[in-house]
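Okay, so here's the structure we're looking at.
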2 protein chains.
Amino acid sequence: MQPRKSAFSECPAARALECVGEWWSILILRDAFQGFTRFDEFRQSLGIAPNILSRRLAHLTEAGMFERRLYSEKPPRHEYVLTAKGRDFFPVVVALFAWGNTHLAPKGEALLLADRKTERPVDPIMVDAGSKARITSTNVVLIPGPRASRGMLKRLASIKALRPTAYSLEE
Amino acid sequence: MQPRKSAFSECPAARALECVGEWWSILILRDAFQGFTRFDEFRQSLGIAPNILSRRLAHLTEAGMFERRLYSEKPPRHEYVLTAKGRDFFPVVVALFAWGNTHLAPKGEALLLADRKTERPVDPIMVDAGSKARITSTNVVLIPGPRASRGMLKRLASIKALRPTAYSLEE
DNA sequence: CAGTATCCTGTCCGATACTG
DNA sequence: CAGTATCGGACAGGATACTG
């Protein structure tokens with residue numbers, strides 16, 4: 001991820017990408033969610049070059065997604081443990097996973113997500129925590145938050161004026 | 001995104017990244033969800049170089065996220081309309097957005113997601129469509145799907161043997 | 001086992017100029 | 001307005017060799 005100066009680092013999604021925008025970052029996190037914590041576990045699982053893994057791990061640690069923790073004194077050995085921030089990234093991976101399974105699985109899924117206890121497959125969707133209403137591109141909008149800048153307010157106003165059914169291809 | 005040969009393109013999340021792994025792709029989609037459809041709308045909104053925008057738009061169109069549709073005969077003008085596949089990507093953007101707002105907002109959010117009708121902020125979470133149970137990294141696992149390969153089965157077995165509470169940093 | 005050190009290639013991206 | 005053409009730079013990622 002090159003440094004980005006776009007006015008749009010005001011958008012949380014854009015900021016998120018500055019954190020995990022590299023290809024491998026997300027896959028490393030995916031494996032971390034499976035319980036992987038060690039260098040070689042990641043390396044073998046991903047088939048990634050060690051220098052690259054080292055770089056990405058360092059970056060993710062710096063970004064506060066992992067904590068590097070000593071698990072053996074001699075020889076000194078570290079493991080990479082997800083922080084709260086890292087763990088909270090889970091929905092992103094799940095969303096990506098679900099989308100991939102629906103739209104990119106070449107005739108049938110190779111992998112499914114399942115409840116840990118019942119082992120029954122789950123079908124992940126986004127809902128509002130309060131109302132439990134499903135969140136889709138048609139029923140939510142962006143609104144200014146407490147720290148919205150002047151420019152952001154203007155932008156949001158102009159968006160409101162947009163043809164709202166732009167994404168109504170074939171429906 | 002360089003071509004990846006890792007055995008792990010078997011994972012839907014990895015395949016998804018081959019589709020939208022570039023930085024701009026997701027931001028373009030984000031804007032598309034706001035109702036943007038035209039070249040210059042994207043260009044101005046993102047502050048992206050036209051050649052790059054052209055490339056990304058072509059790639060996303062090829063990947064089946066957008067459909068390029070003629071909206072004016074003379075002069076010939078195209079707009080980029082989200083397909084069903086593209087629209088289904090929304091949860092990923094929302095998840096990214098929510099995570100960014102929680103963990104990267106420097107004292108207060110500039111933007112919030114809200115219900116389109118009531119304009120009340122929503123708090124996006126992942127749940128199982130059936131049971132409505134919340135999906136977290138601790139209560140779901142990967143299981144083999146109908147098309148799981150031999151290698152995948154072996155891999156999943158080995159994961160099961162992993163210390164299951166690896167991500168229990170400070171909790 | 002857990003990395004670091006080098007070298008190399010690809011390409012993503014930025015800037016800019018130009019066209020119907 | 002909606003792009004294409006060209007050039008250059010930065011860096012992610014690959015391959016490989018080496019260390020405690």
Side-chain angles (χ1 to χ4, degrees), chain A residues 1-9 14 17-29 31-32 36-63 66-81 162-163, chain B residues 1-9 14 17-28 31-32 36-63 66-81 162:
Chain A
M1 206 75 356
Q2 284 91 297
R4 212 59 46 135
K5 53 305 188 57
S6 154
F8 275 79
S9 42
L17 288 173
E18 271 167 53
C19 225
V20 294
E22 297 84 21
W23 213 88
W24 284 120
S25 299
I26 293 182
L27 293 182
I28 291 172
L29 288 168
D31 277 3
F36 290 129
T37 58
R38 300 184 186 176
F39 195 90
D40 241 50
E41 289 173 344
F42 290 119
R43 200 186 53 70
Q44 283 184 34
S45 162
L46 298 166
I48 185 178
N51 54 346
I52 301 303
L53 177 57
S54 180
R55 194 193 291 175
R56 295 272 67 85
L57 242 23
H59 185 250
L60 287 169
T61 303
E62 226 170 299
F66 282 122
E67 193 169 299
R68 197 159 177 256
R69 184 204 273 170
L70 200 69
Y71 73 88
S72 152
E73 296 275 341
K74 23 181 158 201
R77 290 284 178 268
H78 298 273
E79 60 185 350
Y80 299 86
V81 185
L162 267 183
R163 49 206 164 296
Chain B
M1 205 79 347
Q2 285 90 299
R4 211 56 48 136
K5 52 313 187 55
S6 156
F8 275 80
S9 42
L17 288 173
E18 269 166 56
C19 226
V20 294
E22 298 84 21
W23 212 88
W24 284 119
S25 299
I26 293 182
L27 293 182
I28 290 171
D31 276 4
F36 290 129
T37 58
R38 301 184 185 176
F39 195 90
D40 240 50
E41 288 172 344
F42 290 119
R43 199 187 52 71
Q44 283 184 34
S45 161
L46 298 166
I48 185 177
N51 54 347
I52 302 303
L53 177 57
S54 180
R55 192 193 293 173
R56 294 272 68 87
L57 242 23
H59 186 251
L60 287 169
T61 303
E62 227 170 299
F66 282 122
E67 194 169 299
R68 198 160 175 256
R69 184 205 273 172
L70 200 69
Y71 73 88
S72 151
E73 297 274 340
K74 23 179 156 191
R77 290 284 179 268
H78 298 274
E79 59 184 351
Y80 300 85
V81 186
L162 268 183

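Scope of the values below: all heavy atoms of this structure, side chains included, with no hydrogens, waters or symmetry mates. The chains referred to below are lettered A, B, ... by the order of the sequence lines, with proteins before strands, and numbering in each begins at 1.
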- [ ] Scan every strand shown for a Watson-Crick or G-U wobble partner of dC18(C), both distances under 3.5 Å, and answer none if you come up empty.
- [x] dG3(D)
TODO: Establish, with yes or no, whether the OP1 or OP2 oxygen of dA5(D) is under 4.0 angstrom from a side-chain nitrogen or oxygen of R55(B).
DONE: no
Task: Distance, rounded to the nearest Å, where H78(A) contributes NE2 and dT4(C) contributes C1' - done: 14 Å
Task: Nearest-0.5 Å distance that lies between atom CD1 in I28(A) and atom CG in L53(A) - done: 5.0 Å
Task: Nucleotide nearest N51(B) when distance is taken to its side chain, options dG3(C), dA5(C), dT6(D) - done: dT6(D)
Open item on the list: So R56(A) and E22(A), do their side chains get closer than 4.5 Å, heavy atoms only?
Closed with: yes
Open item on the list: I want to check one thing: is the phosphate of dT4(C), taken as OP1 and OP2, less than 4.0 Å away from some side-chain N or O of S54(A)?
Closed with: yes
- [ ] Figure out the CD/P separation between E79(A) and dA2(C), and round it to whole Å.
- [x] 10 Å
Task: Residue-phosphate contact under 4.0 Å: R43(A) side-chain N/O, dC1(C) OP1/OP2 - done: no
Open item on the list: So F42(B) and I48(B), do their side chains get closer than 4.5 Å, heavy atoms only?
Closed with: no
TODO: Report the distance from atom CG of L27(B) to atom C1' of dC12(C), rounded to the nearest whole Å.
DONE: 14 Å
- [ ] Could you check which of dC13(C), dC1(C), dA5(C) has an atom nearest any side-chain atom of D40(A)?
- [x] dC1(C)
Task: Shortest side-chain distance from R68(A), nucleotide among dG3(C), dG14(D), dA2(C) - done: dG3(C)
Open item on the list: I'd like to check H59(B) versus L57(B) (side-chain heavy atoms, cut-off strictly below 4.5 Å). Are they in contact?
Closed with: no
Open item on the list: Output the rounded distance in Å from CG (L57(A)) to P (dC1(C)).
Closed with: 16 Å
- [ ] Please check the phosphate of dC1(D) (OP1 and OP2 only) for any side-chain N or O of Y71(B) closer than 4.0 Å.
- [x] no
Task: Side chain of E22(B) - closest among dT4(C), dG3(D), dC12(C) - done: dC12(C)
Task: Atom-to-atom span, CG of L53(B) to P of dT4(D) - whole angstrom - done: 10 Å
TODO: For F42(B), report the nucleic acid contact type (base, sugar-phosphate, nothing); a contact means any heavy atom under 4.0 Å.
DONE: nothing
- [ ] Indicate, with a heavy-atom threshold strictly under 4.0 Å, whether P75(B) touches base, sugar-phosphate, or nothing.
- [x] nothing
- [ ] Would you mind reading off the distance between F36(A) atom CZ and dC1(C) atom C1', rounded to a whole angstrom?
- [x] 16 Å
TODO: Side chain of R56(A) only, please: which of dG13(D), dA2(D), dT4(C) is the nearest?
DONE: dG13(D)
Open item on the list: Under 3.5 Å, is there a donor on one side chain and an acceptor on the other for R38(B) and Y80(B)?
Closed with: no
Task: Within-4.5 Å side-chain heavy-atom neighbours: V20(A) and L60(A) - done: yes
TODO: Using atom CG of L46(A) as one end and atom P of dG14(D) as the other, report the distance to the nearest whole Å.
DONE: 10 Å
- [ ] Starting at atom CG of L70(B), determine the distance to atom C1' of dA2(D), rounded to an integer number of angstrom.
- [x] 12 Å
Task: side-chain N/O W24(A) vs dC11(D) OP1/OP2, d < 4.0 Å - done: no
- [ ] Could you check which nucleotide pairs with dC13(C) in any of the strands shown, counting Watson-Crick or G-U wobble with both distances under 3.5 Å?
- [x] dG8(D)
Task: Candidate nucleotides dA2(D), dG3(C), dG14(C), ranked by approach to the side chain of F39(A) - the nearest - done: dG3(C)
